[in-house]
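A short write-up of the structure that comes next.
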Amino acid sequence: MKIVIGADHGGYALKEVVKTHLLEQGYEVVDKGTDSGTVSVDYPDYGRAVAEAVAAGEAPFGIVICGTGIGISMAANKVPGIRAALCTDPYMARMAREHNDAQILAMGGRVVGPGLAVAIVDAFFAAEFQGGRHARRVGKIAAIERDHCGTR
Ligand code: RB5
């Protein structure tokens with residue numbers, strides 16, 4: 001399975017850890033940057049790149065990382081159809097898939113350490129959307145987007 005990943009300077013180091021882990025697990029990884037390490041860049045550029053790739057069908061899932069995970073998840077969630085979930089533990093990651101059908105996992109490189117981050121990633125990809133009442137609720141998120149953004 002293909003996964004798109006992106007991070008700003010605050011998430012760069014964790015992106016590299018997560019990328020290595022995903023490759024070891026047999027995933028194909030498309031890295032949208034940053035490639036410039038700790039050089040300061042703007043998190044919306046990377047949240048947007050990953051979210052647009054997922055929305056366009058380049059990959060079914062994405063991972064975005066900034067310092068806190070807040071700004072980059074906000075940016076990703078502005079792309080129509082995208083549900084990016086900021087997770088700080090494996091339970092949140094499982095729920096993000098099972099209940100919210102999130103396609104994008106967001107994390108904070110200055111919030112979670114590498115071991116916890118890998119556990120979050122594994123929980124996210126081990127879980128499946130449960131549908132049913134959760135599909136109705138996710139549909140209502142799409143309705144908000146449709147009513148306010150004139151899309152989908
Ligand atoms: C960059 O210093 C920092 O603001 C960014 O990585 C992120 O935490 C924003 O939400």
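Just follow the structure's listing: the first ligand is 1, and inside any ligand the first atom is 1.
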Quiz item: Which atoms from ligand 1 have a heavy atom of His9 less than 4.0 Å away?
Solution: 1 (C), 2 (O)
Quiz item: Looking at CD1 of Ile5 and CG of Leu14, how far apart are the two atoms once the value is rounded to the nearest 0.5 Å?
Solution: 7.5 Å
Quiz item: Looking only at protein heavy atoms, which one is nearest to atom 7 (C) of ligand 1, and how far off is it?
Solution: Cys66 SG, 3.2 Å
Quiz item: Between the main-chain N or O of Tyr91 and the side-chain N or O of Asp89, is there a donor-acceptor pair closer than 3.5 Å?
Solution: yes
Quiz prompt | Side-chain touch Lys15/Asp31, heavy atoms, less than 4.5 angstrom | solution = yes
Quiz item: Can you tell me if Arg94 uses its side chain to pair, donor with acceptor, with the backbone of Ala127 under 3.5 Å?
Solution: no
Quiz item: Which atom names give the shortest non-hydrogen contact between Ile72 and Asp8, and what distance separates them?
Solution: CD1-N, 4.4 Å
Quiz item: Using the ring of each side chain (for Trp, its six-membered ring), is His99 parallel, tilted or perpendicular to His134, with breaks at 30° and 60°?
Solution: parallel
Quiz item: Which ligand 1 atoms are under 4.0 Å away from a heavy-atom of Asp8?
Solution: 1 (C), 5 (C), 6 (O)
Quiz item: Is Met74 near ligand 1, meaning one of its heavy atoms is under 4.0 Å from it?
Solution: no
Self-check item: Proximal atoms of ligand 1 relative to Gly67 (non-hydrogen, under 4.0 Å)
Solution: 5 (C), 6 (O), 7 (C), 8 (O)
Quiz item: In the protein, what heavy atom is nearest to atom 8 (O) of ligand 1, and what distance, to one decimal place, separates them?
Solution: Thr68 N, 3.0 Å
Quiz item: Hey, does Met1 have a side-chain heavy atom less than 4.5 Å from the side chain of Pro60?
Solution: yes
Quiz item: How far is atom 3 (C) of ligand 1 from its nearest protein heavy atom, and which residue and atom name does that atom have?
Solution: Arg110 NH1, 3.9 Å
Quiz item: Which of the atoms in ligand 1, numbered in the order shown and given with their element, are less than 4.0 Å from a heavy-atom of Gly71?
Solution: 9 (C), 10 (O)
Exercise. State whether the shortest distance between N or O atoms of Tyr43 and N or O atoms of ligand 1 falls below 3.5 angstrom.
Key: no
